[in-house]
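Structure record follows, encoded as structure tokens.
Each chain gets a letter, A, B and so on, in the order the sequences are listed, and its residues count up from 1. The structure displayed is predicted, hence computed values, not measured ones.
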Amino acid sequence: MRWSQAFIPTLREVPAEAEAASHRLLLRAGYVRQVSAGIYAHLMLARRSLLKIMQIIREEMNAIGGQEFYLPSLNPAELWRESGRWDAVDVIFKLKDRAGHDLCLGITHEEEMTNIARGELRSYKQLPQIWYQIQSKYRDEPRPKSGLLRLREFFMKDSYSFDLDEAGLDVSYDKHVQAYTNTFKRCGVRALFVEAFSGMMGGSVSGEFTAPTEAGEDFIAISECGYSANLEKAVSGLAPVEDPVGNESPETIATPGQKTIEDLVRFTGERPERMIKTLVYVVESEPVVILMRGDHALSETKLSAALGTAVFRPATPEEAFKLHHAHLGSLGPVGLASTGHAKVRILADKALEGRRDMTTGANQDDMHLRHVTPGRDFQAEYRDLRAVAEGDPCIKCGKPLELVKAVELGHVFKLGRRYSKAMHANVLDAAGKEVEIVMGSYGIGVERILTAAVEQNHDKDGMFLPKSIAPFQVILTAANMDDAPLREAGEGLYKQMLAEGVEVLFDDRDERPGVKFKDADLIGVPYRLTLGRRKFEQGQAEILVRSTKQVQDVSLERAVQALKQHLLS
RNA sequence: CGGGGCGUGGCGCAGCCUGGUAGCGCGCUUGCCUUGGGCGCAAGAGGUCCCCGGUUCGAAUCCGGGCGCCCCGACCA
């Protein structure tokens, strides 16, 4: 393609609204333009790149036996009512047709795929099946952000596996892990496969592919030994804590004005790991007391899993006072029954199990209790509620965990029978018995691959995309278009590259060299072949590797072959 | 949903507080000039000042309401 005829609206100045590097660069490099919050028009460069990404995904899905479908985005409400998601999911775009029927735009397609499966799959002999599509998804996000990172309309590759039993599902799941690993590798993005939080939907297994980058929204805990997990799911070991050996009874101590754990540490000289932090949540309108070690943070995701509901919030100070007859900062678990709520539920993080002689609030303002031993002085349900912190020992190898920011690129999920049960998708097994199909669902965010690639591969001058997903492989820059022989040589090289199947963008514009170099640096094409007057007169051109800015002189005759070497490497 | 910021030619911004001719840089068009890192000179085109209402002789500017966008947090099937 010739730049003189291409629509590549590069910007010199950074659009004011762009914060994330990928957002800034995709706008500046003329890849995308914003239509509305979380809605973007893909221009020529973005489209070329995304088509390449989709093709890689397609090839890898086909390689594991996936069959490509295309299901409509416009879905009738009935199926979503059957699965229970119509009311349960709040990001669904809902609409009505002229007859008043409810419709929605697909957020994923479990319902539609299961609907096809239940109508057509009758026998275990037809299993396993893997069906996938690459298609637009719509989500009414509370807060779209960071350019193409969190969109309201986006491309997803979503696939669904149908197996007779768990063993079959394991195979389908592993195949997807393999396909995803290959996909991200081929796309040139650095991705980690991590354990993920599988939500409240049936205690299933799920894994996430995440790309470490500053613009990420998730935190991933990583250990040297290979253990890695989303912070929502991550667990860690704990350094042992020594509690006093005595067996003293709880004793009230005056702690005027001491509210936070920090205050208490200063006031008592005791360490924070020797204290119990008391939180109050309102769970479906009932108060629940949550106990954490003084230096530990609550993970609301883990709390959600422990409670089996997402309907909860921290109690207001007034609500907490009502329960404890004391203000925040002086709350504690001891004697809660006697304050009026005989049956208040108390959840304690596992790190408190087996501990003794700790310090906590006394349920009287400006008072705390010491010598408090869990199990003896109060009863609680012990659950893993703690958010792992940087430096906690890895549960597998004991080395300190590192926390990194990452973008979620894909999610693989063992659904089990949730949808087949709700929607009655059954087959006959070998014994002639009707059984529910065991399902998996698997997603990849297509734009996020491009976004992550930009985040991971940019510098002050622009981006350098991996050659597998760059919109063009080579940009041919003729620095001096007014020089007739040089221009002719450029035309020749351009035609030669086209003939040899090199995807080349020929910058044949009548611009000054500076402008062309700046634009070439910006738009992410991995190799630049430059024709400049001085070297051209000696029969030479130069190849610039955009990622490293390394320059190599080549003769005009050898230039295209040399480029092809780079492209193959 | 809570907090903060912003809406003025295509892009980046000033003007608003203190009401009175809508301005700057970049980009765009034309001509000359220049040609290895966003040249120079000159002449031009281009704006419902987000929308609606109010105050006023007069509103980009003051007041009320609305819409949109960005950021932080909450949320994220």
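- Side-chain atoms of A:Thr477 and A:Asp507 form no donor-acceptor pair, as typed in the model, at a separation below 3.5 Å.
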Table of protein N/O atoms under 3.5 Å from nucleotides 4-8 of chain B N/O atoms:
none

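- Here A:Phe536 pairs with nothing under the ring-ring contact (aromatic ring centres under 6.0 Å, His included) rule; sequence neighbours left out.
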Sugar-phosphate or base contact per nucleotide [nucleotides 66-74 of chain B; S, B, -; heavy atom under 4.0 Å]
---SSBBBB
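- Atoms CG (A:Leu25) and C1' (B:C11) sit 16 Å apart, rounded to a whole Å.
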For residues 528-535 of chain A, run the donor-acceptor check on the side chains, cut-off 3.5 Å, and write out each pair with its distance to 0.1 Å, sequence neighbours left out.
residue  : atom : partner  : partner atom : Å
A:Arg528 : NE   : A:Thr530 : OG1          : 2.9
A:Arg533 : NE   : A:Asp483 : OD2          : 3.2
A:Arg533 : NH2  : A:Asp482 : OD1          : 3.1
A:Arg533 : NH2  : A:Asp482 : OD2          : 3.4
A:Lys535 : NZ   : A:Glu542 : OE1          : 2.7
A:Lys535 : NZ   : A:Asp553 : OD1          : 3.1

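- One interatomic measurement links the two molecules: CG of A:Asp507 to P of B:G37, which rounds to 15 Å at whole-angstrom precision.
- Distance A:Phe517 CZ to B:G38 C1': 12 Å, rounded to the nearest Å.
- In this structure, the side-chain contact (heavy atoms from CB on, under 4.5 Å) partners of A:Pro471, at least two apart in sequence or on a different chain, are A:Tyr31, A:Leu45, A:Arg48, A:Ser49, A:Leu465.
- When the ring-ring contact (aromatic ring centres under 6.0 Å, His included) test is applied to A:Phe472, no partner is found at least two apart in sequence or on another chain.
- When the nearest nucleotides of RNA chain B are assigned to A:Asn480 and A:Asp519 by heavy-atom distance, the more 5′-ward of the two goes with A:Asn480.
- Scanning for side-chain contact (heavy atoms from CB on, under 4.5 Å) contacts around A:Glu17 gives A:Pro15, A:His23, A:Leu27, A:Gln34, with sequence neighbours left out.
- Rounded to an integer number of Å, the gap from CE of A:Met481 to C1' of B:U34 is 17 Å.
- Between the side chain of A:Arg28 and the base of B:G12 there is no donor-acceptor pair of N/O atoms closer than 3.5 Å.
- Shown here are the ring-ring contact (aromatic ring centres under 6.0 Å, His included) partners of A:Tyr138, two or more places apart in sequence or in another chain: there are none.
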In B/S/- notation, 5' to 3', how is nucleotides 23-30 of chain B contacted by protein heavy atoms closer than 4.0 Å?
--BSS---
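- The pairing partner recorded for B:C62 is B:G54, the criterion being a Watson-Crick or G-U wobble arrangement whose two distances lie under 3.5 angstrom.
- Judged by closest nucleotide on RNA chain B, A:Pro15 is the one of A:Lys518 and A:Pro15 placed further toward the 5' end.
- Residues satisfying the side-chain contact (heavy atoms from CB on, under 4.5 Å) test with A:Leu71, not counting sequence neighbours, are A:Phe69, A:His109, A:Glu112, A:Met113, A:Ile116, A:Gln133.
- Put simply, CG on A:Asp521 is 12 Å from C1' on B:G36, counting in whole angstrom units.
- Within the shown strands, nothing qualifies as a pairing partner of B:G37 under the Watson-Crick or G-U definition with both distances less than 3.5 Å.
- For A:His424, the side-chain contact (heavy atoms from CB on, under 4.5 Å) criterion is met by no residue, not counting sequence neighbours.
- Applying the Watson-Crick and G-U wobble criteria (two distances, each under 3.5 Å), B:C67 pairs with B:G7.
- Residues satisfying the salt bridge (charged side-chain N to carboxylate O under 4.0 Å, His left out) criterion with A:Asp102, sequence neighbours excluded, are A:Arg81, A:Lys96.
- Not a single donor-acceptor pair under 3.5 Å links the side chain of A:Arg24 to the backbone N or O of A:Val14.
- Here B:G2 sits opposite B:C72 as a Watson-Crick or G-U wobble pair (both hydrogen-bonding atom distances under 3.5 Å).
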